[in-house]
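Worksheet: the structure to be examined is printed underneath.
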Amino acid sequence: VQLQASGGGLVLAGGSLRVSCAASGRTAYQYAMAWFRQTPGKEREFVAVIKWNGDLSYVADSVKGRFTISRINANNTVFLQMNTLKPDDTAVYYCAAGRSWSFRRRDEFDYWGQGTLVTVSS
């Protein structure tokens with residue numbers, strides 16, 4: 001499974017942005033997909049995860065009510081819609097694929113994209 005994240009950029013605080021992750025590979029649709037984020041000097045932080053068929057998802061408390069994860073299996077794409085962005089949301093956002101949507105730890109996920117930078121300015 002190969003993952004390609006895109007859609008990052010610069011946005012003002014309070015604004016919205018949607019990042020995407022395109023998955024390729026014959027078995028890509030079978031995997032739960034997640035988003036993590038990382039800032040320099042900090043651990044990679046779990047943000048959200050969605051089940052392989054899209055009917056269950058979970059977002060971290062730090063972004064609950066502002067971020068939404070979704071997926072379109074027809075084209076193996078996962079989205080992270082980010083609303084009411086704050087400067088603390090500034091990070092490189094990574095998509096990942098894993099065997100279960102119950103996973104939350106970085107080491108539980110098998111495949112990673114290259115990351116896309118989101119910068120929120122105040």
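Along the sequence shown, the residues carry numbers beginning at 1. It should be emphasised that the depicted structure is a prediction, and the values quoted were computed from it without experimental measurement.
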task = Determine which pairs satisfy ring pair (Phe, Tyr, Trp, His ring centres under 6.0 Å) with at least one residue from residues 76-95, sequence neighbours left out, and list them in order.
result = none

message = Under 4.0 Å between a side-chain nitrogen and a carboxylate oxygen: does that hold for Lys64 and Asp61?
response = yes

ask   = Hey, are Arg105 and Asp107 close enough for a salt bridge, meaning a charged N less than 4.0 Å from a carboxylate O?
value = yes

Least distance between heavy atoms, [X] atom then [Y] atom:
{"X": "Ser122", "Y": "Ala13", "value": "CA-CB, 4.3 Å"}
{"X": "Ala23", "Y": "Leu3", "value": "CB-CD2, 3.5 Å"}
{"X": "Val92", "Y": "Gly115", "value": "CG1-CA, 3.8 Å"}
{"X": "Gly9", "Y": "Leu17", "value": "N-CD2, 3.9 Å"}
{"X": "Leu56", "Y": "Trp101", "value": "CD1-CZ2, 3.7 Å"}
{"X": "Ser62", "Y": "Arg37", "value": "OG-NH2, 3.9 Å"}

Applying disulfide bond (SG atoms under 2.5 Å apart) as the test, list every pair that has at least one member in [range]; sequence neighbours left out.
{"range": "residues 33-82", "answer": "none"}
{"range": "residues 46-119", "answer": "Cys21-Cys95"}
{"range": "residues 22-93", "answer": "none"}
{"range": "residues 46-77", "answer": "none"}

Output the distance between atom [atom1] ([X]) and atom [atom2] ([Y]), rounded to the nearest 0.5 Å.
{"X": "Met33", "Y": "Leu80", "atom1": "CE", "atom2": "CG", "result": "11.5 Å"}
{"X": "Thr119", "Y": "Leu12", "atom1": "OG1", "atom2": "CG", "result": "11.5 Å"}
{"X": "Thr68", "Y": "Asn83", "atom1": "OG1", "atom2": "CG", "result": "6.5 Å"}
{"X": "Asp55", "Y": "Ile50", "atom1": "CG", "atom2": "CD1", "result": "8.5 Å"}

side-chain hydrogen bond (donor to acceptor under 3.5 Å, both in side chains) contacts touching residues 24-33 (sequence neighbours left out) = Gln2-Ser24, Tyr31-Arg99

message = By the definition side-chain contact (heavy atoms from CB on, under 4.5 Å), identify the one residue from Gln81, Met82, Arg66 that meets it with Ser16.
response = Gln81

request  = I would like to know whether Phe67 and Trp35 meet ring-ring contact (aromatic ring centres under 6.0 Å, His included); could you show each step before the answer?
outcome  = CA-CA 11 Å; Phe67 290 13; Trp35 287 96; over 10 Å; no

Should [X] and [Y] be counted in the same cluster of Ile, Leu, Val, Met, Phe, Trp and Tyr side chains packed under 4.5 Å apart?
{"X": "Ile69", "Y": "Val1", "answer": "yes"}
{"X": "Tyr58", "Y": "Phe109", "answer": "yes"}
{"X": "Phe36", "Y": "Tyr111", "answer": "no"}

query = Does Phe46 have its ring centroid less than 6.0 Å away from the ring centroid of Phe103?
reply = no

key: Note, Val118 side chain near Val19 side chain (heavy atom, < 4.5 Å)   = yes

ask   = Hey, does the Lys NZ or Arg CZ of Arg71 hover above the aromatic six-ring of Trp52, less than 6.0 Å from the centre and inside 45° of the axis?
value = no

